[in-house]
Amino acid sequence: MVDNEKMDVLFAEAQKIAMSAYAPYSHFRVGAALLCEDGSIVRGVNVENRSYGLSICAERNAVVAAVTMGRLKFTAIAISTPDSVDPVGPCGACRQVLGEFMKPDTPVRFGGSSKNQVNTTIGELLPFDSLHELRKS
Ligand code: THU
């Protein structure tokens with residue numbers, strides 16, 4: 001069970017790492033902090049490219065980094081978008097990828113530069129997960 005204080009810590013980590021985003025084209029920095037089942041935190045940022053379509057989101061970069069380290073189970077994620085005032089949720093592709101490794105009740109927090117944050121779950125972000133029958137844990 002991930003409590004509110006832990007989500008505060010996770011969001012602070014996402015805010016910090018967002019400063020490392022490589023976003024010279026959109027000027028929209030994103031930082032993601034994944035809480036792994038072992039208690040460790042793995043971070044990711046968006047990395048853009050001058051061939052725009054090759055840009056990779058922060059959330060997916062965090063997942064790829066964690067899996068590379070052998071961490072496959074995540075108990076929460078926080079996402080910071082400091083260049084928006086209001087919270088901006090993960091894109092559809094990231095929701096699908098997060099859903100691969102997180103149960104529907106896994107907490108998600110996202111927020112921009114204001115105090116206004118959204119607390120939700122993977123299941124709310126990706127309802128009726130059409131391929132869940134295929135997932136082998
Ligand atoms: N972006 C993310 O990193 N995560 C999302 O879920 C939404 C979009 C990035 C991609 C691109 O570098 C910039 O934000 C603007 O779309």
Side-chain angles (χ1 to χ4, degrees):
M1 169 66 189
V2 182
D3 61 21
N4 214 31
E5 272 162 39
K6 190 71 201 175
M7 290 306 288
D8 289 345
V9 170
L10 206 57
F11 189 75
E13 289 298 325
Q15 281 180 307
K16 253 189 274 172
I17 203 63
M19 299 301 124
S20 301
Y22 178 72
Y25 305 104
S26 71
H27 302 287
F28 190 81
R29 295 167 295 176
V30 186
L34 262 183
L35 182 61
C36 304
E37 206 179 50
D38 65 2
S40 64
I41 294 174
V42 177
R43 299 152 187 83
V45 296
N46 55 329
V47 179
E48 297 186 345
N49 191 273
R50 57 184 182 261
S51 176
Y52 294 175
L54 299 182
S55 300
I56 313 174
C57 295
E59 299 89 325
R60 273 177 288 156
N61 276 332
V63 168
V64 168
V67 172
T68 303
M69 288 185 271
R71 296 168 208 171
L72 298 168
K73 289 186 178 171
F74 314 126
T75 52
I77 186 169
I79 303 148
S80 166
T81 56
D83 301 313
S84 72
V85 175
D86 292 320
V88 173
C91 76
C94 287
R95 292 176 195 211
Q96 181 70 36
V97 171
L98 292 172
E100 180 72 18
F101 298 100
M102 296 166 135
K103 294 194 187 111
D105 63 353
T106 305
V108 180
R109 179 183 291 188
F110 54 90
S113 63
S114 69
K115 291 218 176 300
N116 183 16
Q117 296 175 345
V118 172
N119 287 289
T120 183
T121 63
I122 289 293
E124 281 179 351
L125 291 174
L126 190 70
F128 305 106
D129 183 3
S130 59
L131 293 174
H132 65 92
E133 296 296 342
L134 288 177
R135 193 189 186 298
K136 298 271 173 273
S137 45

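Counting starts at 1 for both ligands and their atoms, following the listed order. Computation of the quantities below employed the complete heavy-atom set of this structure, encompassing side-chain atoms and omitting hydrogens, waters and symmetry-equivalent molecules.
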Atom indices of ligand 1, in the order listed, that fall short of 4.0 Å to a heavy atom of [X]:
X: E59; answer: 2 (C), 3 (O), 4 (N), 5 (C), 6 (O)
X: E48; answer: 11 (C), 12 (O), 13 (C)
X: C91; answer: 5 (C), 6 (O)
X: N46; answer: 3 (O), 9 (C), 11 (C), 12 (O), 13 (C), 14 (O)
X: S26; answer: 13 (C), 15 (C)

Exercise. Are any non-hydrogen side-chain atoms of L125 and P90 less than 4.5 angstrom apart?
Worked result: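 The answer is yes; the side chains approach within 4.5 Å.
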Exercise. Quick one: does D83's side chain get under 4.5 Å of H27's, heavy atoms only?
Worked result: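 SC-SC contact between D83 and H27 ruled out.
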Exercise. Any N or O of S55 that comes nearer than 3.5 Å to an N or O of ligand 1?
Worked result: no
Exercise. Under 3.5 Å, is there a donor-acceptor pair between the side chain of D3 and the main chain of K6?
Worked result: yes
Exercise. So which bit of C57 gets within less than 4.0 Å of ligand 1, heavy atoms only: side chain, backbone, both or neither?
Worked result: both
Problem set entry | Joint cluster assignment, V64 & M102, ILVMFWY side-chain distance < 4.5 Å |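 No, because V64 and M102 fall into different hydrophobic clusters, even though each may have its own neighbours under 4.5 Å.
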Exercise. Is any heavy atom of the protein nearer than 4.0 Å to atom 3 (O) of ligand 1?
Worked result: yes
For this session: Look up atom NZ in K73 and atom CG in L35, then write down how far apart they are to the nearest 0.5 Å.
Result: 14.5 Å
